[in-house]
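This report concerns only the one structure given below.
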2 protein chains.
Amino acid sequence: MTGKPAVQELKVALLGGGTVGSQVARILVEDSELMTERVGVSLRLTGVAVRNPEAERDYQLPAECYTTDAKSLVRDADIVIELMGGIAPARDLILTAFDSGASVVTGNKALLATHGHELYQAAADAGVQLSFEASVAGAIPILRPVRDSLSGDRITRIMGIVNGTTNYIMDQMDSTGANFYDALAEAQRLGYAEADPTADVGGADAAAKAAVLAHLAFSTPFTLEQVYCQGMTNITDRDHQMAAEAGYVIKMLAIIELVQTADDQEPGVVLRVHPTLLPRVHPLATVRGAYNAVFVEAENAGELMFYGPGAGGAPTASAVMGDTVSIARRILRGGPGRPHTTTGRLKALGVGDSITRYMVVLRTADVPGVLSQVAGVFAERGLSIKSMNQSPDEEAAAVGKQRALLRFITHQARESDLSQTVSAVEELDVVDAVLATMRVEGD
Amino acid sequence: MTGKPAVQELKVALLGGGTVGSQVARILVEDSELMTERVGVSLRLTGVAVRNPEAERDYQLPAECYTTDAKSLVRDADIVIELMGGIAPARDLILTAFDSGASVVTGNKALLATHGHELYQAAADAGVQLSFEASVAGAIPILRPVRDSLSGDRITRIMGIVNGTTNYIMDQMDSTGANFYDALAEAQRLGYAEADPTADVGGADAAAKAAVLAHLAFSTPFTLEQVYCQGMTNITDRDHQMAAEAGYVIKMLAIIELVQTADDQEPGVVLRVHPTLLPRVHPLATVRGAYNAVFVEAENAGELMFYGPGAGGAPTASAVMGDTVSIARRILRGGPGRPHTTTGRLKALGVGDSITRYMVVLRTADVPGVLSQVAGVFAERGLSIKSMNQSPDEEAAAVGKQRALLRFITHQARESDLSQTVSAVEELDVVDAVLATMRVEGD
């Protein structure tokens with residue numbers, strides 16, 4: 001139907017009736033006049049495919065709007081909005097949509113992080129659009145800026161707070177001194193964390209978003225398996241205290257960076273998700289509660305940051321509707337859309353190739369010369385230490401032992417060199433234990 | 001040439017060889033391979049139109065690249081990048097470009113804020129593109145998010161730090177206690193302020209950006225004359241101190257807001273630029289130095305912020321090149337582009353219709369009952385006061401007089417009601433003078 005003047009309306013099929021789906025349905029119904037004004041013709045919601053049509057929903061449509069027959073709904077649509085999540089049957093339904101000439105809006109990061117390349121290609125082959133602004137950082141417009149606004153620049157690094165649950169927990173630990181489990185319980189009580197928080201606190205949710213974002217930033221297909229992922233469950237209140245004393249805050253970050261490999265070959269991309277120390281004056285350090293933010297460094301633009309709500313029904317629905325209106329406008333204009341390019345040739349590198357700094361906390365003997373021995377191990381390997389701080393170990397003192405806590409922050413170096421050096425330090429006789437090793441970014 | 005398969009290159013004409021123009025030339029030459037990879041064919045810089053071809057430039061091209069004959073250059077281009085600024089001859093050259101089928105990228109906010117409607121229409125009529133991301137907030141991608149990402153939402157309010165010079169000066173006054181003139185001199189010394197800073201400190205630069213942004217946000221043509229504009233030259237170090245004591249920081253903001261008029265007619269838009277108090281915890285309050293940031297409130301998305309360098313050769317060139325690559329891709333894809341719609345029907349309202357809060361500082365007699373008299377004037381008019389603070393007036397004490405300083409912050413009300421009430425307060429016998437009246441936003 002593309003471009004034919006007779007178009008009176010566009011048929012929109014909605015797959016999924018959960019929190020976001022309900023808000024999308026509400027906007028399509030209650031703001032239909034606004035959408036008509038924006039698009040030029042009306043967007044008609046033809047139905048909502050759900051598993052259980054009888055279930056109660058945040059926004060209730062008449063019973064006849066719900067169906068379990070997603071396939072038929074998809075086949076009769078101009079635009080399909082997929083908000084069911086998961087791989088199956090979402091993947092098949094999206095391919096079916098393309099096959100019948102419909103464009104697709106999705107918020108399904110898990111699907112994109114595993115089958116993104118296939119789906120981009122299928123959309124391009126079918127001459128239809130695939131949009132997914134809602135899949136990363138909820139309402140924050142980040143994919144369009146990365147893909148289009150920075151298309152004349154070279155992105156060198158992206159650091160994102162892309163999971164509200166972990167940011168809420170980290171923020172609570174930082175501001176109240178709570179330990180991880182108390183902060184998690186509070187997050188669950190307030191609805192910021194699920195009963196099973198594994199995907200959030202383990203980093204998998206952020207890792208999927210990192211893969212999607214990296215794909216757009218570097219026009220190269222990356223997948224979830226290429227993302228190094230370290231959860232936050234081992235972060236203690238003492239870690240937060242140590243970080244605070246050094247002027248840092250700990251944030252759970254997704255980091256995507258262009259790096260030169262050690263053997264000076266072609267540059268590659270490291271994708272990593274882990275607890276990260278940031279200076280308190282860094283723009284990302286000021287992102288509180290369940291908010292999200294994405295910090296982008298580009299060669300010419302310099303440092304940019306995009307901030308906003310990273311989840312929630314209405315905010316995520318805003319992103320979905322932005323994609324829907326843009327696709328609808330393009331259908332009416334006619335002509336081919338802009339396919340997602342996968343022409344890039346950058347390879348994914350392991351986390352050992354990343355360039356970072358470490359904060360290391362050691363429990364050591366409380367005797368002269370410890371500092372010099374530790375610094376010596378670093379010097380031997382050509383690495384240098386930026387700052388060091390020594391204090392009595394009060395925990396040890398409480399059980400009658402005299403030990404020191406040695407906290408130091410390194411200069412920038414390749415991660416693999418840093419981690420090997422910390423292992424060597426651990427072997428020193430004067431070192432009892434490595435209490436914490438955390439990556440430091442942003443200064 | 002649109003869409004023909006034979007396209008081997010796209011011809012790019014550059015108008016202007018200043019700071020930004022030089023950086024655009026550098027990128028087109030030095031990153032030509034990257035641009036070819038991004039676009040699919042090469043972007044060939046056919047020449048740079050300048051007033052004085054002999055002048056030295058930040059990035060020097062071979063002498064034969066410079067010309068004073070802008071018109072011929074434009075007539076032979078596929079894409080024209082206009083960075084000369086000002087109304088004439090920029091306006092004519094852009095219309096000439098459209099006329100000969102070329103698309104245009106511009107950073108010319110003054111031109112867009114006065115002739116935007118005409119230019120959008122001319123581009124649409126000619127079936128070519130007009131892009132201007134660089135005209136507002138330099139490298140920060142804000143126009144594309146406002147126009148496309150939020151196209152399925154209702155923007156209710158935009159507050160922007162869109163002028164780096166004034167933000168630098170305000171930040172200096174806030175953080176060092178400097179007065180306006182010392183902070184301005186420092187900004188000039190560091191190159192953040194021009195020798196003639198009128199357009200910046202007077203607010204005209206920010207007002208032009210507000211008009212451009214409002215046009216996109218509300219699909220309604222707004223012009224510079226519709227923006228209420230109050231400069232920052234009257235802001236004193238005492239104002240900053242008073243604001244700080246109350247937990248606020250003063251920022252020069254451009255504000256665009258959807259408001260209901262007093263007579264409950266159709267909603268309209270108030271555009272205003274003025275020094276504004278923001279709570280220190282507000283995301284915009286943390287924007288330091290010469291950085292820019294735009295804070296957007298939308299019905300479903302909630303609160304978003306976009307942050308980055310608002311000026312400078314390379315950052316602004318990044319925005320210009322993002323527009324150029326996007327236009328080039330669209331030319332190659334064929335099909336019509338997305339015109340800037342001006343279908344909105346919102347009217348521009350005066351600043352009196354805006355909804356705001358005031359911080360008022362009075363010099364009063366130091367006798368009991370002053371607070372109650374002032375509060376009484378507000379109560380009579382149905383307005384209420386949120387907080388009040390009284391302290392001895394040390395300036396008056398220094399010359400042997402006993403006076404009090406009364407600082408209070410009102411609740412939200414219509415600006416015209418607030419300003420009339422402050423006039424009535426000024427008439428009170430116990431009030432010597434109104435030392436400051438400033439608008440408060442963001443809480």
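We name chains A, B, ... by the order of the sequence lines, and we start the count at 1 in each one.
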Engaged part of A/Asp31 at the chain B interface, taking heavy atoms whose separation is under 4.5 Å = side chain
Within residues 147-158 of chain A, residues adjacent to chain B where the heavy-atom gap is under 4.5 Å = A/Arg147, A/Asp148, A/Ser149, A/Leu150, A/Ser151, A/Gly152, A/Asp153, A/Arg154
Looking only at B/Arg144, B/Glu133, B/Glu299, the option with the highest number of non-hydrogen pairs under 4.5 Å against chain A is B/Arg144
Chain A neighbours within residues 33-41 of chain B, where any heavy atom lies under 4.5 Å away | B/Leu34, B/Met35, B/Glu37, B/Arg38
Return yes when atom OH of B/Tyr192 has more than 12 non-hydrogen atoms of other residues, nucleotides or ligands closer than 6.0 Å, and no otherwise.
-> no
Residue from B/Thr324, B/Ile27, B/Thr286, B/Ile140 scoring the most non-hydrogen pairs under 4.5 Å with chain A is B/Ile27
Between B/Ala139, B/Pro315, B/Ala328, the one whose heavy-atom pairs under 4.5 Å with chain A are most numerous = B/Pro315
B/Gln23, B/Arg288, B/Met321, B/Met305: which one forms the most heavy-atom pairs within less than 4.5 Å of chain A?
-> B/Met305
Measuring heavy-atom distances to chain B, does A/Ser326 have an atom under 4.5 Å in its side chain, in its backbone, in both, or in neither?
-> both
Identify which of A/Pro309, A/Gly302, A/Ser131 forms the greatest number of heavy-atom pairs closer than 4.5 Å to chain B.
-> A/Pro309
Looking at B/Ala301, B/Ala293, B/Gly138, B/Gly312, which makes the most heavy-atom pairs under 4.5 Å with chain A?
-> B/Ala301
Looking only at non-hydrogen atoms, find the nearest pair between B/Gly308 and A/Leu304 and report the distance.
-> CA-CD2, 3.9 Å
